[in-house]
Amino acid sequence: QVQLVESGGGLVQPGGSLRLSCAASGSIFNIRAMAWYRQAPGKQRELVAAITTGGSTNYADSVKGRFTISRDNNKNTVYLQMNSLQPEDTAVYYCNAKQSIYDYWGRGTQVTVSS
């Protein structure tokens, strides 16, 4: 079992920044990739950014150039640096880990971008 705990969400004004953190614990061996997803009210959950064990990254077109995913292997933590936030970024952000045939999810952290 892999446990994922997100933190760093909150309320920011348009143009502001937030950094989300996801701490992984438990049986964290052989995790193939970790990712951030988000789900806005009335919309499907969508991939925001992903990072593989080799360090390759992938971003949704809507966040390219604004968001950066990174990892700290010593802390077993992945981050999502979010800059130039816009109201359209408002959503619950979920940390995801892929291990073998399983997907693990955190509880989510709310990000609200509003003036």
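Start at 1 with the first residue, then count along the sequence.
- Under the 4.5 Å side-chain heavy-atom criterion for grouping Ile, Leu, Val, Met, Phe, Trp and Tyr, Ile101 is not connected to Phe29 through any hydrophobic cluster.
- Within the structure, no pair that satisfies the disulfide (SG to SG under 2.5 Å) test touches residues 46-85, not counting sequence neighbours.
- Clustering ILVMFWY residues whenever any of their side-chain heavy atoms sit less than 4.5 angstrom apart, transitively, puts Val92 in a cluster other than the one holding Val111.
- At distances below 3.5 Å, not a single donor-acceptor pair connects side-chain atoms of Gln81 with backbone N or O atoms of Ile69.
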Self-check item: Stepwise side chain to side chain contact (heavy atoms under 4.5 Å, CB included) check, Asn30 with Thr53
Solution: CA-CA 9 Å; Asn30 292 333; Thr53 56; over 6 Å; no

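- Under the 4.5 Å side-chain criterion, counting only non-hydrogen atoms from C-beta, Leu4 is in contact with Met34.
- For residues 67-81, no residue pair satisfies the salt bridge (charged side-chain N to carboxylate O under 4.0 Å, His left out) rule, not counting sequence neighbours.
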Exercise answer: donor-acceptor pairs, residues 5-19 side-chain atoms, under 3.5 Å, sequence neighbours excluded:
| from | atom 1 | to | atom 2 | distance (Å) |
| --- | --- | --- | --- | --- |
| Glu6 | OE1 | Arg107 | N | 3.1 |
| Glu6 | OE1 | Gly108 | N | 3.0 |
| Glu6 | OE2 | Cys95 | N | 2.8 |
| Glu6 | OE2 | Gly108 | N | 3.2 |
| Ser17 | OG | Asn83 | OD1 | 2.9 |

Exercise. Test Thr109 against Leu20 for side chain to side chain contact (heavy atoms under 4.5 Å, CB included), laying out the working first.
Key: CA-CA 8 Å; Thr109 184; Leu20 305 183; 4.1 Å; yes

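- In this structure, Asn58 CG and Leu47 CG are separated by 6.5 Å, a value rounded to the nearest 0.5 Å.
- Screening residues 33-72 for disulfide (SG to SG under 2.5 Å) gives no qualifying pairs among residues at least two apart or on separate chains.
- Sorted by first and then second residue, the pairs that involve residues 92-104 and meet salt bridge (charged side-chain N to carboxylate O under 4.0 Å, His left out), not counting sequence neighbours, are Lys98-Asp103.
- For the ring-ring contact (aromatic ring centres under 6.0 Å, His included) condition, the pairs that include at least one residue of residues 35-81, sequence neighbours left out, are Tyr37-Trp105.
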Quiz prompt | Step-by-step side chain to side chain contact (heavy atoms under 4.5 Å, CB included) determination, Ser27 to Gln1 | solution = CA-CA 5 Å; Ser27 301; Gln1 184 83 355; 5.6 Å; no

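- Looking at residues two or more places apart in sequence or on another chain, you find a side chain to side chain contact (heavy atoms under 4.5 Å, CB included) between Ala60 and Ser62, Val63.
- Taking the side-chain hydrogen bond (donor to acceptor under 3.5 Å, both in side chains) definition, one finds that Thr112 meets it with Gln110, sequence neighbours left out.
- Residues meeting the salt bridge (charged side-chain N to carboxylate O under 4.0 Å, His left out) test with Lys64, sequence neighbours left out: Asp61.
- Tyr102 and Val2 fall within a single hydrophobic cluster, where Ile, Leu, Val, Met, Phe, Trp and Tyr side chains are chained together by heavy-atom contacts under 4.5 Å.
- The side-chain hydrogen bond (donor to acceptor under 3.5 Å, both in side chains) contacts involving residues 84-96 comprise Arg38-Asp89, Arg38-Tyr93, Arg66-Asp89, where partners must be two or more places apart or lie in separate chains.
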